[in-house]
A.B. asks: 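I'd like to ask you about the structure that follows.
Remember, predicted model here, so these are calculated numbers, not experimental data.
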Amino acid sequence: MAGFYTGRSGSLKIRGKKVAKIRDWSLESTMELLSTNSIDSNFNTFTPGVKGATGSATLLLYRLQNENTATHTDAFNVLRDSGIMSENRATEADLLTFELNASNALADDIICKGYITSASMSVSTGELSTVSINFTVDGKFTQTFNATA
């Protein structure tokens, strides 16, 4: 039976650990088009070029306490592990594995490697404190939606 997805059923894992408290995530995939027009062309024509992807997520500023830290991570660990807010120079070791899931089904995972390119903390009176992150995918997706699920 078909069903609708809501944000409540989605999740995000970074380096194999589920982010404990997350508000949202998004992913944008792009493909460049290379013009194949000639001087006598009357209409634009193209051939596919390089593909790429970027994404973002809003994590709640939350510190794990009694949860299982072997399977979960929090915003503080994400910032530390990504190298984006560290005193050291960023290196290739800061490459993360992102698992974005739109539902509870394993078949709905999108898995890719990438770097967190920006992080923004927001703290205001009467609101939940958050960390907004942006990331850029490095290379191709290693898994996308399973069409037969």
A.B. asks: Do T58 and V131 come within less than 4.5 Å of each other through their side chains, counting heavy atoms only?
C.D. replies: no
A.B. asks: Quick one: pull up CD in Q143 and CG in L100 and give me the separation to the nearest 0.5 Å.
C.D. replies: 11.0 Å
A.B. asks: Checking side-chain contact (heavy atoms from CB on, under 4.5 Å) for the pair T54/N134: CA distance, chi angles, key distance, verdict?
C.D. replies: CA-CA 7 Å; T54 59; N134 293 299; over 6 Å; no
A.B. asks: Distance from K21 atom NZ to L61 atom CG, nearest 0.5 Å?
C.D. replies: 13.0 Å
A.B. asks: Determine, stepwise, if the pair L60 / R23 fulfils side-chain contact (heavy atoms from CB on, under 4.5 Å).
C.D. replies: CA-CA 7 Å; L60 299 181; R23 180 181 295 165; 4.0 Å; yes
A.B. asks: Could you grab the distance from atom CD1 of I84 to atom OG of S120, nearest 0.5 Å is fine?
C.D. replies: 11.0 Å
A.B. asks: To the nearest 0.5 Å, what is the distance between SG (C112) and NZ (K140)?
C.D. replies: 13.0 Å
A.B. asks: Is there side-chain contact between H72 and L64, with at least one heavy-atom pair below 4.5 Å?
C.D. replies: yes
A.B. asks: Would S82 and D94 satisfy side-chain hydrogen bond (donor to acceptor under 3.5 Å, both in side chains), going step by step from the backbone distance to the final call?
C.D. replies: CA-CA 5 Å; S82 69; D94 297 323; over 6 Å; no
A.B. asks: Atom CD1 in I116, atom CE in M85: separation rounded to 0.5 Å?
C.D. replies: 10.5 Å
A.B. asks: Are I133 and L128 co-members of a hydrophobic cluster defined by side-chain heavy atoms under 4.5 Å apart?
C.D. replies: no
A.B. asks: Determine whether the aromatic ring centres of F98 and F135 lie less than 6.0 Å apart.
C.D. replies: yes
A.B. asks: Please lay out, stage by stage, how T36 and T45 fare under the test side-chain hydrogen bond (donor to acceptor under 3.5 Å, both in side chains).
C.D. replies: CA-CA 5 Å; T36 57; T45 56; 2.5 Å; yes
A.B. asks: Rounded to the nearest 0.5 Å, what's the gap from NZ on K18 to OG1 on T73? Could you check?
C.D. replies: 13.0 Å
A.B. asks: Start with the C-alpha distance between D138 and L95, add both sets of side-chain angles, then the distance that settles side-chain contact (heavy atoms from CB on, under 4.5 Å), and finish with yes or no.
C.D. replies: CA-CA 8 Å; D138 182 58; L95 184 67; 3.8 Å; yes
A.B. asks: To check you understand the geometry: which heavy-atom pair defines the closest contact between W25 and S11, and what is its length?
C.D. replies: NE1-O, 3.2 Å
A.B. asks: Can you check whether I111's main-chain N or O pairs, donor with acceptor, with D109's side chain at less than 3.5 Å?
C.D. replies: no
A.B. asks: Using the rule that Ile, Leu, Val, Met, Phe, Trp and Tyr join whenever any side-chain heavy atoms are under 4.5 Å apart, tell me whether F76 and L79 fall into a single cluster.
C.D. replies: yes
A.B. asks: Identify whether I14 and F141 are in the same connected component of the hydrophobic contact network (ILVMFWY, side-chain heavy atoms under 4.5 Å).
C.D. replies: yes
A.B. asks: Is a side-chain N or O of D81 found less than 3.5 angstrom from the main chain of V78, in a donor-acceptor match?
C.D. replies: no
A.B. asks: Tell me if a side-chain donor or acceptor on S35 pairs with a main-chain N or O of F46 at a distance below 3.5 Å.
C.D. replies: no
A.B. asks: Is there a side-chain contact (heavy atoms from CB on, under 4.5 Å) between K51 and M31? Walk through the geometry before answering.
C.D. replies: CA-CA 4 Å; K51 295 191 291 185; M31 179 176 58; 3.8 Å; yes
